[in-house]
Q: 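Input: one structure, supplied below.
These numbers come from a predicted model, not from an experiment. All heavy atoms count here, side chains included; hydrogens, waters and symmetry mates do not. The chains referred to below are lettered A, B, ... by the order of the sequence lines, with proteins before strands, and numbering in each begins at 1.
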Amino acid sequence: MFKNELIIDNRKFKSRLMIGTGKFQSNEIMKQAIEASGAEIVTVALRRVDIENPEDDLLKHIDTNKFLLLPNTSGARDAVEAVRLARLARAAGCEPWVKLEVTPDPYYLLPDPIETFKAAEILVKEGFKVLPYINADPILCKRLEEIGTVTVMPLGAPIGTNKGLKTVENLKIIIEQSNIPVVVDAGIGAPSHAAYAIELGADAVLVNTAIATAGDPVKMAASFKLAVEAACVARDAGMPTEKQYADASSPLTGFLRD
Amino acid sequence: MSFYDEIGKFNWSEVKEFIYSRNESDVLNVINKNTLSLEDFATLLSPAAESFLEPMAKEAHRITLQRFGKTIKIYIPMYVSNECVNSCVYCGFNVHNKFNRKTLTLDEVKRELEVIKKTGIKHILICSGEHPKKVSVDYLNEVVKLVRRDFSSIIIEVQPLDENEYRVLYNSGVDSLALYQETYNTDTYKEVHLGGKKTDYRYRLEAPERAAAAGLRTIGIGALMGLDDFRVEEFFVGLHARYLMRKFWKTHVTVSFPRIRDAEGHFKPKYLINDKNLVQSMLALRLFLHDVGLVISTREPAELRDKLIYLGVTQMSAGSKTNPGGYAAGEEEGKQFEVEDRRSAQEFIESVRKKGFDPVLKDWDSSFINAV
C-alpha cells in the first residue's frame, strides 16, 4: 500500500511537496505560501542569503524547527563552485543536506550532468545528504544512486517554463528503476502537473515559479498542497493502469467455454 | 570570429530602411509569435509598432514575471575617479572639461564603502573615467580587495581591458562587467569620440567578449540613447546581446538604456529620446530575448522608474552619486551626469516593496569565485 509519507535517508516527511523560495514579491508572502503549501522541505539559494547571519531577511522568515532548510547551490557553474558553496553552508551551521545544482546556463538553468556527478561524488564522501537536480536521464539517475545520493531530482521541463512534464517517458523509466526517492523538479506549472507526477509514481515534487508568480501565491500554494494530496490518495486507491486496447465490459470472447 | 565580424554583415542604412518600412500588419504578425526572429525584433522597434505598446507591455510583463518573478535586483554605484584621457563630446568626464579631477585614495574608498554599506545593498558597481594610468588594473585590484569584504557582487564600469586584465580582476572578486558601446554606428562613433583610446571602436566592441572569456558572469551592454537613431541602435544592441548569449552560454547578459543627461560641457544630443521611445526599446528587447536582464539607472526620474518596474525591468540602481567621494564627503563637483531619481537608497527600496516587488539586495556570493 502506498503510504502518504516521504522518506529520504531515513528521515520522514508527511508532505510530498517541496517548495522553492525564489521570485516571490516579498518574504512575507513567501512565508505565507510555505505555510499554505504544507511543505516541510524548503530550498533556498545560497547566493540569496547571508548564511552566517540568522537575521538575514530571507532566513528569518523560515522556521528551521519546522522546515528542513535545503540550501541549494544555484549559480554554481561547475563542481568546484558547488562543493565550495555546500561546505560554506555546513560551516555556517546548516544541516549537511544540499540540493545540488550545477547550472552553467544562466537562462534555463539546465543542469550539467558531468559536473553534477563530480560534485555529488565529493559531497557524498564528505557526509552530505545530496539531492541532485538533473535532466531526466535514467542512466545518470542510476549512476547517482550508486554513489550514494539520497534522491534524484529530474526536471519535468526547463526551470520557470511552467510547461509541465515534457520528459514524461524518461520520468517513467526513472521512477520504475529507482531505489531512492524521485523528486520531479522544475517545469511544474500547475497543480495538475504536480498531481500527474505523483500519479506517475514520483515520490515528491518541487515547485517554485508556479507558486511564486501566481496572482495569489498563497492560494496557489494551497492548491498545490491539495493536488499532491489528491494524487497521493489516488495512488493509494490503486490507479487503474493505462491499456493499449479498450477493455469492453461485455467481452467479445465471453461466449467461449472451456 | 567576434561580434565585430557579425556586425559587419549588417549595413546600418539597410537596417534603418527595413525598420521604417514596417507597417501595422507586420507588427500584428509579430505580436502573435512566441519566438522572434531578428526581422521580427526590428519590426517591434519600428514607428509602426508605437501603436502596439500596450499589448507589447502586457506580454513583456508576463514574460518578465515568468522568468524573473516579482523581483528587482538593486545595485549601487561607487565612482572612484573622474579622471579620463578621452574626449567624448557627450560626457562630463571629457578630458577637455575643466573641473577638479580626482581619483579616490584607498582610504577615501574605505570611507565611501562605510556609507554605502549602511544601505544594505550587496551589489556594488565600481565606476570610473577611463584613465589607464590613474585607474590602472593594479589600482582597481586594490579597490576590489577592499570592496569584497562587505559586498557580495562587484561590477566594474571602467575602460575596456585586455582578457588577462579581466582575468586578474575576476580572480580578485569582480563578477560582472558593464560596458556600453555608446553607438554602434561607426561613423557616429567617430564623430563623438574625438580623442583617447576610446576612439578604437573595435577594441571597445570586443571587450565584453574578452571579459566573458576571462570568466566574468554577467556582461552588461547598451547604447547611449541620443547619439543616433534609437531604433537602429537598439537593433544592434539586441543583435549584440543575442550574439553574446549564444557564444558565451554561461554568461548572463544585461542591457541598459542610458539616455543622455545634462553634464559638464552641456552637450546637446542630436536625437531626443522621449519616454515612449525608451519604453518601446525595453519592450522590444524583452519580447526578443526573454531572459536578458534589463537595467534602468537613476538617470531616469523617480516617477518614470516607478512605472518601468511593470514593463520588464529587472535591475535598478539606487541612491546613486556619480562623482568620486559623493557618499562620504558629500561632494557635488565632478559628476559624470545629473541623477534624476534623487531618492535615497532606502526610499527607493521601500518604494519597490510598496509596489509588490521584492527588492533583491543580495543575489550573488563572492565565494563562487575561487581566489576570493
Q: Is it the case that more than 12 heavy atoms not belonging to Arg353(B) sit under 6.0 Å from its CZ atom?
A: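 Counting neighbours around CZ of Arg353(B), more than 12 heavy atoms of other residues, nucleotides or ligands fall under 6.0 Å, so yes.
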Q: With a 4.5 angstrom heavy-atom cut-off, could you sort out which part of Ala76(A) is near chain B: side chain, backbone, both or neither?
A: both
Q: For the candidates Gly120(B), Gly356(B), Ser153(B), which exhibits the highest count of non-hydrogen atom pairs separated by less than 4.5 Å from chain A?
A: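 Ranked by heavy-atom pairs under 4.5 Å with chain A, first place is Gly356(B).
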Q: What are the two closest non-hydrogen atoms of Gly75(A) and Trp364(B), and how far apart are they?
A: O-CZ3, 4.4 Å
Q: Donor-acceptor pair, Lys250(B) side chain versus Asp105(A) backbone, under 3.5 Å?
A: no
Q: Can you see which heavy atom on Thr213(A) is nearest to which on Gly69(B), and at what distance?
A: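 Closest approach of Thr213(A) to Gly69(B): CG2-CA, 3.7 Å.
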Q: Answer yes or no: is there a side-chain heavy-atom contact under 4.5 Å between Arg217(B) and Arg77(A)?
A: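 Yes, side chains in contact.
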Q: Check whether any side-chain heavy atom of Tyr108(A) lies under 4.5 Å from a side-chain heavy atom of Asp291(B), and answer yes or no.
A: yes
Q: What part of Val352(B) lies closer than 4.5 angstrom to a heavy atom of chain A: side chain, backbone, both or neither?
A: neither
Q: Does atom NZ of Lys166(A) have more than 12 heavy-atom neighbours from other groups under 6.0 Å away?
A: no
Q: Got more than 12 heavy atoms from elsewhere within 6.0 Å of CD1, Ile114(A)?
A: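 Open: at most 12 neighbouring heavy atoms sit under 6.0 Å from CD1 of Ile114(A).
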Q: Spell out, as yes or no, whether a donor-acceptor pair under 3.5 Å connects the side chain of Lys122(B) to the backbone of Asp50(A).
A: no
Q: Any idea which heavy atoms bring Ser26(A) and Asp358(B) closest together, and the distance?
A: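 The answer is N-CB, 4.2 Å.
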Q: Just how far is it from atom NZ of Lys23(A) to atom CG of Leu65(B), taken to the nearest 0.5 Å?
A: 8.5 Å
Q: Mind checking which of residues 153-163 of chain A sit less than 4.5 Å from chain B, heavy atom to heavy atom?
A: Ile159(A), Gly160(A), Thr161(A), Asn162(A)
Q: Distance to the ring centre below 6.0 angstrom and angle to the axis at most 45 degrees; does that hold for Arg67(B) and Tyr107(A)?
A: no
Q: Which answer fits Thr209(A), side chain, backbone, both or neither, if we ask what part of it has an atom under 4.5 Å from a heavy atom of chain B?
A: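 Contact with chain B: side chain only.
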Q: Counting only non-hydrogen atoms closer than 4.5 Å, can you tell me which residues of residues 37-48 of chain A sit against chain B?
A: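 Residues in range: Leu46(A), Arg47(A), Arg48(A).
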